[in-house]
Amino acid sequence: MDLFDYMRETAQETEAPLASRLRPRTLEEVVGQRHILGRDKLLYRAIRADKLGSVIFYGPPGTGKTTLARVIANTTSAEFKQINATVAGKKDMEEVVREAKAALGMYGRKTILFVDEIHRFNKGQQDYLLPFVEDGTLILIGATTENPYFEVNGALLSRSRIFELKPLEKDDIKELLKRAVRDKERGMGAYRAAIDEDALEFLADVANGDARAALNAIELGILTTDRGADGLIHIDLAVAQECIQKRAVRYDKSGDNHYDTISAFIKSMRGSDPDAAVYYLARMLYAGEDIKFISRRIMICAAEDVGNADPQALTVAVSAAQAVERIGMPEAQIILAQAAAYVAAAPKSNAACTAIFEAMKTVEETRTMPVPVHLQDKHYQGAEKLGRGTGYLYAHDYPNHYVKQQYLPDGLTERHFYRPSENGYEKQIKEWLEFLKEQADEED
């Protein structure tokens with residue numbers, strides 16, 4: 001390192017954004033990701049032992065992918081090189097490979113190559129790295145916000161272990177914010193700031209698991225807020241809202257307001273009011289509600305309240321749930337709005353819901369009667385000798401693929417559980433079932 005490199009690094013340490021200055025330098029400083037960095041977890045042990053193989057870190061922005069790479073850089077005895085796939089070209093990779101070969105040949109030292117945004121590399125660029133990962137010239141660390149199973153070559157995936165980083169928990173964000181306010185060496189401690197508890201709660205909640213967003217907000221708040229009469233910079237709720245440009249919404253995810261809002265959302269869909277459904281959806285999304293939780297409620301409503309009046313509603317809801325998990329926010333709000341509006345506008349029937357509840361009650365309250373003999377399985381050894389399946393009428397051998405025979409057990413033959421409504425497609429179901437029974441009665 002020459003004098004200019006040293007001066008540049010020194011300047012970066014003091015003038016870089018807070019989120020960059022506060023990056024953990026050791027495993028002990030890392031906050032969150034306990035599912036992969038707990039002391040008994042493979043990744044933690046591999047980093048501590050400096051025995052890391054090629055890995056890909058996958059997760060949303062602000063969850064610590066680059067941070068983990070920096071920790072590894074500070075821990076390993078191997079050479080550490082970093083490139084960003086958004087700007088790096090083949091020449092950059094060739095230079096890294098040349099230096100890695102030299103380090104391995106001359107000093108027996110391995111080289112770790114950290115590729116940020118690895119999904120930005122095209123197939124040819126990813127293929128170029130493959131033989132050097134294969135022969136051990138490079139240990140690859142890739143970081144991506146996109147699903148690596150879609151964006152990274154299968155050959156590289158097969159030679160790497162994938163670790164998924166999850167959005168930080170609210171308490172993790174609060175810990176980082178407190179560290180930022182108090183740390184005099186790398187944080188904002190020298191500014192003598194204090195943060196109110198409600199402002200801390202708000203920033204930790206609205207950051208939605210993104211540490212960088214929370215730290216950027218607290219840095220802006222401290223740098224732009226005048227000192228109070230006591231000489232301290234006070235970060236209250238109003239300052240927190242302003243520095244992250246978002247108004248605090250009264251919405252406690254574990255309190256009454258959470259349950260009231262989700263209740264109103266469901267009842268609006270059930271009540272066929274898409275305007276109200278989308279409004280309550282917006283309130284939940286604005287407050288940072290879990291999109292997976294919302295999508296589950298839409299699926300339940302599609303089955304419970306729409307049912308067979310529009311069987312497509314459940315398909316739309318399930319597809320939306322899968323899509324929001326793959327895509328994430330902010331685009332997921334569009335998908336959720338489409339699904340909620342569809343379910344709200346669909347014709348309604350709870351006939352299937354009522355049917356299963358009545359059937360469950362009947363099973364609970366009545367003696368379990370044998371399955372009618374003609375419906376029993378006759379394919380296992382000895383079944384035919386016992387008369388199992390005898391007399392069964394194969395429906396496809398009859399007109400309209402229907403034949404009248406007993407399906408319910410003795411004692412329940414007059415019970416009706418599913419009563420199709422007159423709404424939507426279920427009206428056609430009802431008419432079809434009535435037609436089949438009328439035809440069968442005429443034949444009798």
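Start at 1 with the first residue, then count along the sequence.
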Q: Tell me whether Gln125 contacts the main-chain N or O of Asn122 through its side chain, where contact means a donor paired with an acceptor under 3.5 Å.
A: yes

Q: More than 12 heavy atoms of other residues, nucleotides or ligands under 6.0 Å from OH of Tyr149: is that the case?
A: no

Q: Between Asp210 (side chain) and Ala207 (backbone), is there a donor-acceptor pair under 3.5 Å?
A: no

Q: Could you grab the distance from atom OG1 of Thr261 to atom CD of Glu289, nearest 0.5 Å is fine?
A: 9.0 Å

Q: Are the side chain of Lys65 and the backbone of Gly59 linked by a donor-acceptor contact shorter than 3.5 Å?
A: yes

Q: Does Asp183 reach the main-chain N or O of Arg186 with its side chain, forming a donor-acceptor pair under 3.5 Å?
A: yes

Q: Is Gln33 reaching over with its side chain to a backbone N or O of Thr63, donor-acceptor style, under 3.5 angstrom?
A: yes

Q: Between the main-chain N or O of Thr86 and the side-chain N or O of Asn84, is there a donor-acceptor pair closer than 3.5 Å?
A: yes

Q: Hey, does the side chain of Gln126 reach the backbone of Phe121 with a donor-acceptor pair shorter than 3.5 angstrom?
A: yes

Q: Under the 3.5 angstrom rule, does the side chain of Ser20 hit a backbone N or O of Pro17 as a donor-acceptor pair?
A: no

Q: Taking only residues two or more places apart in sequence, or in another chain, which ones meet Asp127 in a salt bridge (Lys or Arg N to Asp or Glu O under 4.0 Å)?
A: Lys123

Q: Pair up each side-chain donor or acceptor in residues 307-318 with any protein partner under 3.5 Å, not counting sequence neighbours, and list the distances.
A:
{"unit_1": "Asn308", "atom_1": "ND2", "unit_2": "Tyr418", "atom_2": "OH", "d": "3.2"}
{"unit_1": "Asp310", "atom_1": "OD1", "unit_2": "Gln312", "atom_2": "N", "d": "3.1"}
{"unit_1": "Asp310", "atom_1": "OD2", "unit_2": "Tyr342", "atom_2": "OH", "d": "2.8"}

Q: Step through the shown structure and confirm whether more than 12 heavy atoms of other residues, nucleotides or ligands are within 6.0 Å of CE on Met369.
A: yes

Q: Could you work out, with side-chain contact (heavy atoms from CB on, under 4.5 Å) as the rule, every residue matching Ala277, not counting sequence neighbours?
A: Phe265, Ser268, Met269, Ala344

Q: Just to verify, what does His401 make a ring pair (Phe, Tyr, Trp, His ring centres under 6.0 Å) with, not counting sequence neighbours?
A: His396

Q: Any salt bridge (charged side-chain N to carboxylate O under 4.0 Å, His left out) involving residues 165-178? Give me the pairs, sequence neighbours left out, ordered by first then second residue.
A: Arg34-Asp172, Lys170-Glu201, Lys174-Glu197, Lys174-Glu201, Glu175-Arg179

Q: I'd like to check the side-chain hydrogen bond (donor to acceptor under 3.5 Å, both in side chains) partners of Ser272; sequence neighbours left out, ordered by chain and number.
A: Lys348

Q: Which is it for Leu281 and Ile298 under the side-chain contact (heavy atoms from CB on, under 4.5 Å) test, yes or no, and what are the steps along the way?
A: CA-CA 10 Å; Leu281 170 64; Ile298 296 175; 5.5 Å; no

Q: Quick one: pull up CD in Glu95 and CZ in Arg98 and give me the separation to the nearest 0.5 Å.
A: 4.0 Å

Q: Where do Ala323 and Ile335 come nearest, in terms of heavy atoms and distance?
A: CB-CD1, 3.8 Å

Q: Between Lys292 and Glu325, does any side-chain N to carboxylate O distance fall below 4.0 Å?
A: no

Q: Does any pair with a residue in residues 150-161 pass salt bridge (charged side-chain N to carboxylate O under 4.0 Å, His left out), and if so which ones, sequence neighbours excluded?
A: Glu134-Arg159

Q: Taking only residues two or more places apart in sequence or in another chain, which ones pass ring pair (Phe, Tyr, Trp, His ring centres under 6.0 Å) with Phe132?
A: Tyr128

Q: Output yes when a side-chain donor or acceptor of Arg109 lies under 3.5 Å from a complementary backbone atom of Ala103, and no otherwise.
A: no

Q: Counting only pairs under 3.5 Å, give me each side-chain donor-acceptor contact of residues 45-54, with atom names and distances, residues two or more places apart or in other chains.
A:
{"unit_1": "Arg45", "atom_1": "NH1", "unit_2": "Asp40", "atom_2": "O", "d": "2.8"}
{"unit_1": "Arg48", "atom_1": "NH1", "unit_2": "Glu28", "atom_2": "OE2", "d": "3.2"}
{"unit_1": "Asp50", "atom_1": "OD1", "unit_2": "Thr76", "atom_2": "OG1", "d": "2.7"}
{"unit_1": "Asp50", "atom_1": "OD2", "unit_2": "Ser77", "atom_2": "N", "d": "2.9"}
{"unit_1": "Asp50", "atom_1": "OD2", "unit_2": "Ser77", "atom_2": "OG", "d": "2.8"}
{"unit_1": "Ser54", "atom_1": "OG", "unit_2": "Leu140", "atom_2": "N", "d": "3.0"}

Q: Taking atom CD of Glu304 as the centre, report whether more than 12 heavy atoms of other residues, nucleotides or ligands fall under 6.0 Å from it.
A: yes

Q: Take Asp92 and Val87 through the test side-chain contact (heavy atoms from CB on, under 4.5 Å) and record every step on the way to the result.
A: CA-CA 9 Å; Asp92 299 295; Val87 295; over 6 Å; no

Q: Walk me through it: do Phe57 and Leu43 pass the test side-chain contact (heavy atoms from CB on, under 4.5 Å)?
A: CA-CA 11 Å; Phe57 295 138; Leu43 182 59; 3.9 Å; yes

Q: Atom CG of Leu138 and atom CD of Glu79: how far apart are they, to the nearest 0.5 Å?
A: 12.0 Å

Q: Quick one: side chains of residues 214-230, donor-acceptor pairs under 3.5 Å with protein atoms, not counting sequence neighbours, listed by atom name and distance.
A:
{"unit_1": "Asn216", "atom_1": "ND2", "unit_2": "Arg212", "atom_2": "O", "d": "3.3"}
{"unit_1": "Glu219", "atom_1": "OE1", "unit_2": "Leu18", "atom_2": "N", "d": "3.2"}
{"unit_1": "Glu219", "atom_1": "OE2", "unit_2": "Leu18", "atom_2": "N", "d": "3.3"}
{"unit_1": "Thr224", "atom_1": "OG1", "unit_2": "Leu220", "atom_2": "O", "d": "2.6"}
{"unit_1": "Thr225", "atom_1": "OG1", "unit_2": "Gly221", "atom_2": "O", "d": "2.5"}
{"unit_1": "Arg227", "atom_1": "NH1", "unit_2": "Tyr191", "atom_2": "O", "d": "2.8"}
{"unit_1": "Arg227", "atom_1": "NH1", "unit_2": "Gly231", "atom_2": "O", "d": "3.0"}
{"unit_1": "Arg227", "atom_1": "NH2", "unit_2": "Tyr191", "atom_2": "O", "d": "3.0"}
{"unit_1": "Asp230", "atom_1": "OD1", "unit_2": "Leu232", "atom_2": "N", "d": "3.1"}
{"unit_1": "Asp230", "atom_1": "OD1", "unit_2": "His234", "atom_2": "NE2", "d": "3.1"}
{"unit_1": "Asp230", "atom_1": "OD2", "unit_2": "His234", "atom_2": "NE2", "d": "2.8"}

Q: The criterion is salt bridge (Lys or Arg N to Asp or Glu O under 4.0 Å); which residues satisfy it with Arg419, sequence neighbours excluded?
A: Glu358

Q: Between Thr26 and Asn74, does the side-chain contact (heavy atoms from CB on, under 4.5 Å) criterion hold? Intermediate values first, please.
A: CA-CA 7 Å; Thr26 66; Asn74 293 334; over 6 Å; no

Q: Counting distance only, does the side-chain N/O of Asn153 pair as donor-acceptor with the main-chain N or O of Ala155 below 3.5 Å?
A: no

Q: Using the test salt bridge (Lys or Arg N to Asp or Glu O under 4.0 Å), find all partners of Arg23 that sit at least two apart in sequence or belong to another chain.
A: none

Q: Which heavy atom in Leu336 sits nearest to a heavy atom in Ser295, and how many Å separate them?
A: CD2-CB, 4.0 Å

